[in-house]
*Asks:* 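Please find one structure pasted underneath; my questions will follow.
Residue indices begin at 1 and follow the sequence shown.
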Amino acid sequence: QVQLEESGGGLVQAGASLRLSCVDSGRTFSSHAMGWFRQAPGKERDFVAAISWGGGTTHYADSVKGRFTISRDNAKRAVLLQMNNLKPEDTAVYYCGAGDSISRVVAGKMLGDWGQGTQVTVGS
């Protein structure tokens, strides 16, 4: 069972940093790979970053490599997304999701429902 809630978004200027948090109140968090996705107005939801269940493997979209870092704390049932050097094109609603494996998360094959998302707006 997966129940996700994202937080940490906001309105910032280009070059600033934000840290997003996603908490899974379900019972099987530590056995799932996790990922972050984002959806800009009028566009499809796109993959951003993923992390394996143990945290040892990560994968990033090319557009965020070197700027974003995904991590997880299984004891707190949380997955974090540290976003540095934000750009206006990072503006979107950010969602987290769970999957059976990191490869399935990267492919967008998620378990359960998406959370409500958290808005990130980056001004120029």
Side-chain angles (χ1 to χ4, degrees):
Q1 182 181 3
V2 175
Q3 294 176 293
L4 304 169
E5 183 171 356
E6 303 92 340
S7 63
L11 171 62
V12 296
Q13 293 301 305
S17 297
L18 281 173
R19 189 174 78 161
L20 305 184
S21 176
C22 169
V23 176
D24 179 3
S25 57
R27 294 174 292 177
T28 57
F29 176 80
S30 62
S31 65
H32 293 148
M34 298 295 296
W36 284 96
F37 292 73
R38 65 187 181 187
Q39 187 168 21
K43 296 189 177 181
E44 306 230 332
R45 186 156 17 208
D46 291 330
F47 168 76
V48 174
I51 189 167
S52 60
W53 66 269
T57 302
T58 57
H59 188 82
Y60 297 93
D62 288 343
S63 58
V64 307
K65 280 181 182 176
R67 299 189 298 124
F68 290 12
T69 302
I70 188 170
S71 61
R72 66 189 295 160
D73 184 337
N74 285 345
K76 296 181 179 179
R77 300 178 178 272
V79 58
L80 307 176
L81 186 68
Q82 177 68 42
M83 306 187 296
N84 298 329
N85 190 23
L86 282 161
K87 303 176 180 180
E89 51 264 41
D90 295 318
T91 295
V93 178
Y94 283 70
Y95 301 88
C96 69
D100 285 330
S101 67
I102 192 170
S103 60
R104 289 184 66 84
V105 170
V106 172
K109 300 181 186 300
M110 315 305 292
L111 295 171
D113 296 326
W114 297 98
Q116 84 288 349
T118 186
Q119 176 71 48
V120 172
T121 304
V122 185
S124 58

*Asks:* How close do T118 and G8 get, counting heavy atoms only, and between which atoms?
*Replies:* OG1-N, 3.8 Å
*Asks:* Applying side-chain contact (heavy atoms from CB on, under 4.5 Å) between Q39 and each of Y95, Y94, W114, report the one that passes.
*Replies:* Y95
*Asks:* Looking at every heavy atom in both F47 and V106, which two are closest together, and how far apart are they?
*Replies:* CZ-CG2, 3.8 Å
*Asks:* Examine distances only and state if a side-chain atom of R72 and a backbone atom of S52 form a donor-acceptor pair shorter than 3.5 Å.
*Replies:* yes
*Asks:* Does some side-chain heavy atom of R38 sit less than 4.5 Å from a side-chain heavy atom of R45?
*Replies:* no
*Asks:* Would a single hydrophobic cluster contain both L4 and V105, if residues Ile, Leu, Val, Met, Phe, Trp and Tyr are joined by side-chain heavy-atom contacts under 4.5 Å?
*Replies:* no
*Asks:* For A98 and M34, which heavy atoms make the closest approach, and how far apart are they?
*Replies:* CB-SD, 3.5 Å
*Asks:* Could you tell me whether K87 and D90 make a salt bridge, using a distance below 4.0 angstrom between a side-chain N and a carboxylate O?
*Replies:* no
*Asks:* Measure the SG-CD distance between C96 and E6 for me, rounded to the nearest 0.5 Å.
*Replies:* 4.0 Å
*Asks:* State, with a plain yes or no, whether a side-chain heavy atom of Y60 is found less than 4.5 Å away from one of T58.
*Replies:* yes
*Asks:* Determine the minimum heavy-atom distance between L81 and A49, stating which atoms define it.
*Replies:* CD1-CB, 4.1 Å
*Asks:* Closest approach of S17 and N85, non-hydrogen atoms and distance?
*Replies:* OG-N, 4.2 Å
*Asks:* When you measure from the side chain of D24 to the backbone of Q3, do you find a donor-acceptor pair of N or O atoms at a distance under 3.5 Å?
*Replies:* yes
*Asks:* Any heavy-atom pair between the side chains of V120 and M83 that's under 4.5 Å?
*Replies:* yes
*Asks:* If we only count heavy atoms from C-beta on, is the F68 to N84 side-chain gap below 4.5 Å?
*Replies:* no
*Asks:* When you check the side-chain N and O atoms of Q119 and T121, is any donor under 3.5 Å from an acceptor?
*Replies:* yes
*Asks:* Are the side chains of L111 and D100 in contact, using a 4.5 Å heavy-atom criterion?
*Replies:* yes
*Asks:* Indicate if L20 and V93 have the same hydrophobic cluster label, given that clusters are the connected sets of ILVMFWY residues with side-chain heavy-atom separations under 4.5 angstrom.
*Replies:* no
*Asks:* Treating Ile, Leu, Val, Met, Phe, Trp and Tyr as nodes and any side-chain heavy-atom pair under 4.5 angstrom as an edge, say whether V48 and M110 lie in one connected cluster.
*Replies:* no
*Asks:* Rounded to the nearest 0.5 Å, how far apart are OG of S21 and CD of Q82?
*Replies:* 11.5 Å
*Asks:* Tell me, do W36 and V79 make a side-chain contact under 4.5 Å, heavy atoms counted?
*Replies:* yes
*Asks:* Are any of the side-chain heavy atoms of D73 and L80 separated by less than 4.5 Å?
*Replies:* no
*Asks:* Any side-chain heavy-atom pair from V12 and L18 closer than 4.5 angstrom?
*Replies:* yes
*Asks:* Indicate the atoms forming the closest heavy-atom contact of L86 with R67, along with that distance.
*Replies:* CA-NH1, 3.9 Å
